[in-house]
Amino acid sequence: MRLIAENLGGERGGEAVFSGIGFALDQGQALVVTGPNGSGKSTLLRIIAGLLPKAEGRLLLENGGDDFPSIASACHYLGHQNAMKTALSVVENLRFWRDFNGSGDSGVEEALETVGLGGIGHLPFGYLSTGQRRRAAIAKLLVSHRPLWLLDEPTAGLDKASEARFAGLMMKHCMAGGMIVAATHLPLGIEGAKELRMGEAG
Amino acid sequence: MWSLFARDIRLNIRAGGGALTGVIFFLAVIATIPFGVGPDLKLLSRIGPAILWIGALLACLLGLDRLFQADREDGSLDLLVLGNDRNMLALTVLVKCLAHWAGSVLPLVVAAPLLGLFMNMEPLGIGATALTLLVGTPAITFIGAAGAAVAVALPRGGLLISVLVLPLTIPVLIFGVSASYGATADPDPFLQPFLILAALTLFLGVLGPASAALALRHGTD
């Protein structure tokens, strides 16, 4: 499986945010997208996921097979919002996404243990702190299997220990043949990750 | 798909009280009519089915703006749109519509017979009106879903949805009311308008979710 972007351009409200972005990502590789605020990191991720139309260029997923015919079907998208309902408990939220997206490598309880939220799954999502909410959203990546993770500021609100644990999770995902595209301005701690700097002249 | 239905029903019960809002609005509309029209029992029973239908129609429109907006605000809508290859988006919308109908509109249908008593309607008329509401209100939800999908990005979209949707619901209202009258007034037929009403619901059950899915897919930003 291979994710290829050629000469990609994106726009917001009719104004070009970036253009001429190109990269190729093989299985087991990670791409860290960095750049100042407003350089189009989030826009790029949403274009890759297919949530925004691209202004120009080419974007394709090679050798996805029958399971993953398109990028949208092969990706987990973790945006600024956590996509969890505050009125439902953490376990109910995760169960829903597992049922909707298809089950993955770990069960709901196991995924919660992995992100360090074991034992509080019965609480309503609205009772959790910002960092705990983010970790619950990360657990969502584990309950369903997708080879490509699109992460938008994934570590926002996480403490040092959780950051390190999440870095371990991302390494494990890459080791198992997954791919990661992460937009961030904090170092994520993924060894051997490619870097794409946006918003610079030339 | 069943899990989406269960989730939306659960949210409806726990978080919104959407069902109660609609029923109380419905009650308020129907309860004020006799005071406005006056104590003419014959007149009340004659306009009863029409008033019940109008009240239910307006109550249906109340909670529609939250149908997709709540999902958009917490980011769930993006993931529902992304899931299109596994769970076709139109089908997802249909399931959300059914959950919304069961959670917010079905209580109106259940309350309608009681409110029919306020209008001095006879038992047969009450039964016929409740039956037409049961068959006809899903059509309103399906049209409403298309309106809600168009207005999903607008922070105060509720009124816009009502304005967009109301003209399209007129055929449903006309056939719903004429079938209700057909059950009691002798020369008027019941079955023909009732079948057209059922056909409208089935037709809009396809058209509404499909157009809503199209609007949602192009409305993400």
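By convention in this document, chain letters (A, B, ...) are assigned in the order of the sequence lines, proteins followed by strands, and residues within each chain are numbered from 1.
- The pair B/R7-A/D99 fails the salt-bridge criterion, with no side-chain N (NZ, NE, NH1 or NH2) lying under 4.0 Å from an Asp/Glu carboxylate O.
- Atom CG of A/N82 is separated from atom CG of B/D74 by 9.0 Å, given to the nearest 0.5 angstrom.
- Both the backbone and the side chain of B/A70 come within contact range of chain A, with heavy atoms under 4.5 Å apart.
- Annotation: residues 62-76 of chain A contacts chain B through A/D67, A/F68, A/S70, A/A72, A/S73, A/C75 [non-hydrogen atoms, separation under 4.5 Å].
- Distance check, rounded to the nearest 0.5 Å: CZ of B/R14 to CD of A/E92 gives 4.0 Å.
- The CD atom of B/E73 sits 10.5 Å away from atom OG1 of A/T86, with the distance rounded to the nearest 0.5 Å.
- Contacts of B/T132 classified as side-chain hydrogen bond (donor to acceptor under 3.5 Å, both in side chains), with partners at least two apart in sequence or in another chain: B/W53, B/S180.
- When the shell of 6.0 Å around CZ of A/R58 is examined, it contains 12 or fewer heavy atoms from other residues, nucleotides or ligands.
- Counting heavy-atom pairs closer than 4.5 Å to chain A, the top-ranked of the candidates B/V81, B/L80, B/N84 is B/L80.
- Annotation: residues 126-152 of chain A contacts chain B through A/K140, A/R146 [non-hydrogen atoms, separation under 4.5 Å].
- For NZ of A/K172, the number of neighbouring non-hydrogen atoms (other residues, nucleotides, ligands) closer than 6.0 Å is 12 at most.
- The CG atom of A/N101 sits 9.0 Å away from the CG atom of B/L82 when rounded to the nearest 0.5 Å.
- A/F100 places none of its side-chain heavy atoms less than 4.5 Å from the side chain of B/L79.
- By number of non-hydrogen pairs under 4.5 angstrom with chain B, the leading residue of A/K85, A/H80, A/M84 is A/K85.
- There is no contact between B/L77 and chain A, counting heavy-atom distances below 4.5 Å.
- Legend: salt bridge (Lys or Arg N to Asp or Glu O under 4.0 Å) pairs involving residues 88-111 of chain B, not counting sequence neighbours, sorted by first then second residue: B/D8-B/K96, B/D71-B/K96.
- With rounding to the nearest 0.5 Å, the separation of CG in A/N93 from OG in B/S76 is 8.0 Å.
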